[in-house]
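Note sheet for the following structure.
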There are 2 protein chains.
Amino acid sequence: MLTKKELKEYCIDARENYLAHISIDCVVFGFHEGTMKVLVLQMKDEGEWYLPGGFVLKNEPIEMAANRILKERTGLDEIFLQQFHVFGHPDRSKEHFDMYKDMLPEKENWFTNRFLTIGYYALVDFCDVNPAPDQFSTSCAWCDLNNVPPLKLDHTLILKTALDTLRVHLNYQPIGYNLMPGEFTMPELQKLYETILDKKLDRRNFQRRMLGFGILKRSEQLRKGGAHKAPYLYSFDLENYRAALIEGFKGSW
Amino acid sequence: MLTKKELKEYCIDARENYLAHISIDCVVFGFHEGTMKVLVLQMKDEGEWYLPGGFVLKNEPIEMAANRILKERTGLDEIFLQQFHVFGHPDRSKEHFDMYKDMLPEKENWFTNRFLTIGYYALVDFCDVNPAPDQFSTSCAWCDLNNVPPLKLDHTLILKTALDTLRVHLNYQPIGYNLMPGEFTMPELQKLYETILDKKLDRRNFQRRMLGFGILKRSEQLRKGGAHKAPYLYSFDLENYRAALIEGFKGSW
DNA sequence: TACAATTGTGTCTAATCTACACTATAGATT
DNA sequence: AATCTATAGTGTAGATTAGACACAATTGTA
């Protein structure tokens with residue numbers, strides 16, 4: 001937790017620079033070694049976990065705010081970001097309220113305000129990320145999606161909603177592009193889909209369908225080193241990929 | 001436009017009761033005589049058109065705010081409402097800013113603030129609505145979707161985004177339930193789908209598919225009075241309808 | 001009474017989805 | 001080096017679904 005002095009400084013700064021009552025929270029998805037990962041921060045002292053977030057500068061577009069916040073946490077710029085929901089129940093930040101209310105009078109206290117938070121999800125290449133904690137956290141780290149600890153405030157709900165949205169969007173966007181490294185094998189891509197959808201897919205039908213979209217380029221190279229037959233390496237064909245995005249992907253899984 | 005005095009009173013009241021920087025705008029869809037309708041308001045004096053909207057009370061959940069706002073405009077309570085996007089560009093309310101900036105000093109002036117607006121779309125039974133103007137408008141009326149006048153601020157974008165969202169949601173929810181009256185014929189329902197999707201559908205295949213969902217009940221009665229063969233009347237089977245909602249509707253149009 | 005327009009139902013074909021079989025190959029085992 | 005094992009690449013038969021269209025039934029009207 002911040003000292004009283006730190007808190008006071010923070011509040012003065014926040015009040016001056018940020019829009020009141022509005023925050024942004026981000027669910028950053030990465031994919032590594034066959035499992036989905038989410039970026040979480042751990043609170044100083046209490047050790048509680050929460051999602052990366054922040055506020056909107058008074059004259060800043062909200063997408064830019066989300067981008068700025070994530071750049072600070074991941075080192076990455078121009079991340080694939082998708083707004084998905086606003087969480088606006090008056091009690092959603094009650095925990096925060098109780099925690100900070102005795103430290104500063106309410107008039108000056110930024111954290112006892114009510115906040116609506118705009119949820120964004122981000123898809124990133126796991127390997128590109130350099131997790132960095134913020135002012136309130138001791139650590140920022142990837143966490144296995146199947147094994148997320150209880151999160152502060154309504155962040156568990158935010159995460160769940162992001163995941164539900166991602167599943168739906170999977171029907172309309174080839175989401176793999178943002179989550180996979182430049183080169184990958186078909187089984188790796190399939191694993192990603194299986195993780196997001198939380199169900200097994202048929203290897204052969206998956207391959208056919210994926211290739212049917214016409215957005216993958218097969219390299220002549222194979223991924224050697226595995227214990228068995230070496231799979232081909234693929235990459236996204238950016239030109240066709242963009243065209244397909246505009247067309248829209250039809251059909252559900 | 002409001003007089004200076006009215007504006008001042010409004011601003012004092014707003015400042016006291018509403019969350020700063022946040023507004024709600026609603027796209028209310030209705031369906032009547034084979035065409036989609038949208039509820040719009042006409043500004044006093046200038047005659048410009050805009051979408052029904054309002055602000056969030058300091059201790060009010062945002063869904064409740066949207067509901068309250070729509071109750072004032074339509075007379076209806078517990079409307080089917082769906083949050084779909086936040087519009088947050090800093091310049092989005094520049095028109096408002098320019099219009100009101102000379103009437104009151106910026107410190108007191110509610111309307112020169114930056115507002116993020118949360119977009120909701122609503123689906124209602126056209127016949128149930130009693131359009132009522134708000135404080136800033138001379139009239140509140142249904143407007144043909146194919147023939148919407150230019151709207152104030154970014155409301156044209158908001159409407160377009162709502163419509164795009166509605167099209168996607170059509171794959172996941174039997175949206176007809178909220179837009180159709182209690183009893184309707186299959187051709188009427190088809191017309192609704194055709195209007196939303198903006199394309200012709202095959203009469204026979206539509207019927208088969210619709211009935212395949214198992215959410216319609218056929219009445220023994222026919223709709224007489226038309227110049228030709230009388231079609232059956234249908235209504236939604238609420239029990240199956242709810243079950244289907246949970247299951248999720250698969251497949252795209 | 002015949003006609004025009006529309007609705008209810010059926011059916012054929014092509015496309016797609018699903019499940020599974022077979023072959024190929026890299027590394028491990030012997 | 002020969003064989004084994006697990007996984008990858010490709011193909012195919014059957015079921016399901018989507019799309020196009022034909023035909024009979026029924027309503028009010030000429």
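Heavy atoms only: backbone and side chains are in, while hydrogens, waters and symmetry mates are out. Residue numbers start from 1 in every chain, and the chains themselves are labelled A, B, ... in the order their sequence lines are given, proteins ahead of strands.
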### Pairing of B:D237 and B:K217 as salt bridge, 4.0 angstrom limit
no

### Message
Ring centres under 6.0 Å, that's the criterion: do B:F31 and B:F126 meet it?
### Response
no

### Query
Quick one: A:M210 CE to D:dT10 C1', roughly how many Å, whole number?
19 Å

### Task
Take atom OH of B:Y177 as the centre, draw a 6.0 Å sphere, and report whether it contains more than 12 heavy atoms from other residues, nucleotides or ligands.
no

#### Entry: A:S137 side chain to A:D134 side chain, donor-acceptor N/O pair below 3.5 angstrom
yes

#### Entry: Any donor-acceptor N/O pair under 3.5 Å between D:dA18 base and B:D202 side chain
no

### Message
So for the helix from C:dT1-D:dA30 to C:dT30-D:dA1, with five pairs setting each end axis, what is the inter-axis angle to 10°?
### Response
10°

### Message
Whole angstroms only, please: what is the CZ-P distance between A:R203 and C:dA21?
### Response
12 Å

### Task
Report which part of the nucleic acid A:A227 touches: base, sugar-phosphate, or nothing (heavy-atom distance under 4.0 Å, all strands).
base

### Query
Could you walk me through whether B:E194 and B:K200 pass the salt bridge (Lys or Arg N to Asp or Glu O under 4.0 Å) check?
CA-CA 6 Å; B:E194 291 181 337; B:K200 285 267 158 218; 3.7 Å; yes

### Query
Is any side-chain N of the basic residue among B:R92 and B:D154 closer than 4.0 Å to the acidic one's carboxylate O?
yes

#### Entry: Any B:Q207 side-chain nitrogen or oxygen under 4.0 Å from OP1 or OP2 of C:dT7
no

## Note on the structure
In whole angstroms, the gap separating P of D:dA8 from CG of A:L211 amounts to 14 Å

### Task
Would you mind telling me which residue lines up with the more 5' stretch of DNA chain D, A:H228 or B:A230, judged by nearest nucleotide?
A:H228

### Task
Mind calculating the distance between CE (A:M186) and P (D:dA8) to the nearest angstrom?
11 Å

#### Entry: Contact under 4.0 Å: A:R218 side-chain N or O vs D:dT10 OP1/OP2
yes

### Task
Would you kindly give the NZ-to-P distance between B:K191 and C:dT7, to the nearest whole Å?
11 Å

### Summary
Atom CG of B:L201 and atom C1' of D:dA20 are separated, to the nearest Å, by 14 Å

### Task
Select from B:P187 and B:R208 the residue whose nearest nucleotide in DNA chain C is closer to the 5' end of that strand.
B:P187

### Task
Rounded to the nearest angstrom, tell me the gap between atom NZ in B:K229 and atom C1' in D:dA24.
8 Å

### Task
Take the protein atom CG of B:N205 and the nucleotide atom P of C:dT13, then report the distance between them rounded to whole Å.
16 Å

### Message
Is it the case that the ring center of B:F84 lies less than 6.0 angstrom away from the ring center of B:H169?
### Response
no

### Presence of donor-acceptor pair under 3.5 Å, side chain of A:R204 and base of C:dA21
yes

### Task
Establish whether the base of D:dG19 is bridged to the side chain of B:R209 by a donor-acceptor pair shorter than 3.5 Å.
no

